[in-house]
Chemist: 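Dumping the structure here so I can ask a few things about it.
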Amino acid sequence: MDGERRAEAGSSSATITLRGVLEAPPESGDGALVGEKKAEIDEEEVDGEEDEEVGADGFVPGPLIPLKEQLEKDKDDESLRRWKENLLGCLEGELNGQMEPEVIFHSIGIVSEGCAEIIIPLPVAENQSHVLFTLKEGSQYRLKLTFSVKHNIVSGLNYLNTVWKKGRQVDQSKGMLGAFAPQFDPYEHSLEEETTPSGSLARGIYSAKLKFEDDDKRCHLELGYSFEINNR
C-alpha cells in the first residue's frame with residue numbers, strides 16, 4: 001500500500017459558524033450590509049475568544065451555535081436569509097435546536113478497476129462475513145462512503161484508516177473530507193486511492209479499523225472490518 005499520507009482537503013476544515021459564513025458574502029451587492037452584520041458578531045464574540053484554547057496548529061475552533069439559531073439570527077434580512085437557505089438548504093422545519101452535529105453513515109463501498117462495485121450497508125449485519133471484500137494484488141481501489149448530516153454543520157470531518165496483518169500494523173492512511181451542512185439527500189464521498197501490495201507475502205487476510213472524527217474530536221464512526229488480497 002502507499003504508506004502514510006495525508007489527503008488534500010476537499011474543503012476548509014475550519015469550524016463553520018455564522019461569522020465564518022459572513023466572511024465570504026454572496027456577490028449580491030450587499031457588501032456594506034454584510035460587513036455591518038459581521039462587525040456586530042465580532043463584538044459579541046471577542047471576549048469569549050480570549051479564553052479559547054489554541055490548537056497545536058494554531059487553529060482556534062469557533063463556538064458551536066445551533067443551526068436553527070444561526071438561521072433565525074438574520075431572519076428580517078431578506079438577502080442574508082435567502083443566501084443562508086441556499087447555502088444550508090431549506091431545512092428549518094427539520095431543525096430542533098440541537099447543538100451538536102450528527103453524522104450517520106449509511107454504507108461503505110469498494111471501487112476497484114476491473115471489478116464490480118461492492119456496497120455494504122452500515123451498520124454491518126451480524127450474519128455478514130467478517131471478510132467484507134477481496135482485492136487483487138497490485139490493484140488500485142477506493143473506499144466510498146455515503147452519509148447524512150443532521151442538526152448542525154459538521155466541520156473538519158476527517159478519517160484515519162489503520163491496517164494490520166497477523167497483529168502487525170502494515171499501513172495507515174488519513175485525510176480530510178471537509179465541512180458538511182445538513183441536507184435532505186445523503187452525501188457520497190470517495191477516500192484517497194490505495195494500491196494493494198504484490199507478492200506471495202502480501203496475500204492473505206488483513207484486519208482494519210476506519211475512524212471518522214470532526215474538529216471537536218467527536219467520533220462519528222469507528223468501523224472494524226477485514227479484507228483479503230489474492231492473486232486472482
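The figures that follow rest on heavy atoms only: side chains count, while hydrogens, waters and symmetry mates do not.
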Chemist: Taking the six-membered ring for Trp, is the centroid-to-centroid distance between F147 and F180 below 6.0 Å?
Modeler: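 Yes.
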
Chemist: For the atom pair CD (E137) and CG (N231), what is the distance rounded to the nearest 0.5 Å?
Modeler: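 Output value for this atom pair is 5.5 Å.
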
Chemist: Can you confirm whether Y225 sits close enough to I120 that some side-chain heavy atom of one is under 4.5 Å from a side-chain heavy atom of the other?
Modeler: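 Counting from C-beta outward, Y225 and I120 never come under 4.5 Å.
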
Chemist: Between P182 and I153, is there a side-chain heavy-atom distance shorter than 4.5 Å?
Modeler: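 Side chain of I153 against side chain of P182, heavy atoms only: contact under 4.5 Å found.
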
Chemist: Under 4.5 Å between any side-chain heavy atoms of L210 and I108, yes or no?
Modeler: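 Yes, at least one pair of side-chain atoms sits under 4.5 Å.
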
Chemist: Rounded at 0.5 Å granularity, tell me how far CD in Q169 sits from OG in S207.
Modeler: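 Those atoms lie 10.0 Å apart.
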
Chemist: Could you tell me whether the side chain of L191 reaches within less than 4.5 Å of the side chain of Y159, counting heavy atoms only?
Modeler: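 They are in side-chain contact.
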
Chemist: Go through the structure and list residues passing salt bridge (charged side-chain N to carboxylate O under 4.0 Å, His left out) with E228, not counting sequence neighbours.
Modeler: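 None.
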
Chemist: With distance as the sole criterion, is a donor-acceptor pair present between the side chains of T162 and Q172 under 3.5 Å?
Modeler: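 Yes, side-chain donor-acceptor contact under 3.5 Å.
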
Chemist: Taking the side chain as everything from C-beta on, heavy atoms only, tell me whether E194 gets closer than 4.5 Å to D171.
Modeler: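 Contact flag for E194/D171 side chains = yes.
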
Chemist: When clusters are formed by joining ILVMFWY residues with side-chain heavy atoms under 4.5 Å apart, either directly or through shared neighbours, do F133 and L221 land in the same one?
Modeler: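 They do share one cluster, since a chain of ILVMFWY contacts under 4.5 Å joins F133 to L221.
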
Chemist: Do S173 and E192 have side-chain atoms, one donor and one acceptor, less than 3.5 Å apart?
Modeler: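 E192 and S173 do not have a side-chain donor-acceptor pair below 3.5 Å.
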
Chemist: Measure the shortest side-chain to side-chain distance between V170 and Y206 over non-hydrogen atoms and say whether it is less than 4.5 angstrom.
Modeler: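 Touching, per the 4.5 Å side-chain cut-off.
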
Chemist: Could you give the distance from CD1 (I205) to OG1 (T134), rounded to the nearest 0.5 Å?
Modeler: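 If I round to the nearest 0.5 Å, the distance is 8.0 Å.
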
Chemist: Under the side-chain contact (heavy atoms from CB on, under 4.5 Å) rule, collect the residues that match up with K136, sequence neighbours excluded.
Modeler: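 With sequence neighbours excluded, K136 shows a side-chain contact (heavy atoms from CB on, under 4.5 Å) to S139, given in chain and number order.
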
Chemist: Do W164 and F227 land in one hydrophobic cluster if side-chain heavy atoms of ILVMFWY residues count as linked below 4.5 Å?
Modeler: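 Hydrophobic grouping puts W164 apart from F227.
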
Chemist: With the side chain counted from C-beta on, respond yes when E188 and K144 share a heavy-atom pair under 4.5 Å apart, and no when they do not.
Modeler: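 Side-chain contact under 4.5 Å: yes.
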
Chemist: Could you tell me the separation between the CG atom of N161 and the NZ atom of K211, rounded to the nearest 0.5 Å?
Modeler: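 That separation rounds to 13.0 Å.
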
Chemist: Would you say that D214 contacts V103 through its side chain, given a criterion of any heavy-atom pair below 4.5 Å between the two side chains?
Modeler: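 The answer is no, as the side chains (C-beta and beyond) never meet within the 4.5 Å cut-off.
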
Chemist: Could you report the tightest heavy-atom contact between H106 and P186, atom names first, then the distance?
Modeler: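 Heavy atoms only, the tightest pair is CD2-CB, 4.1 Å.
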
Chemist: Would you say K165 has more than 12 foreign heavy atoms packed within less than 6.0 Å of its NZ?
Modeler: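 Above 12, so yes.
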
Chemist: Say you draw a straight line from OG of S155 to CG of L177; how long is it, rounded to the nearest 0.5 Å?
Modeler: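 S155 atom OG to L177 atom CG measures 12.0 Å (nearest 0.5 Å).
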
Chemist: Calculate, to the nearest 0.5 Å, the distance between atoms OG and CG belonging to S226 and L132 respectively.
Modeler: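 That separation rounds to 7.0 Å.
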
Chemist: The test is side-chain contact (heavy atoms from CB on, under 4.5 Å); show your working for L135 and I110 and say whether it passes.
Modeler: CA-CA 9 Å; L135 296 167; I110 311 300; 4.0 Å; yes

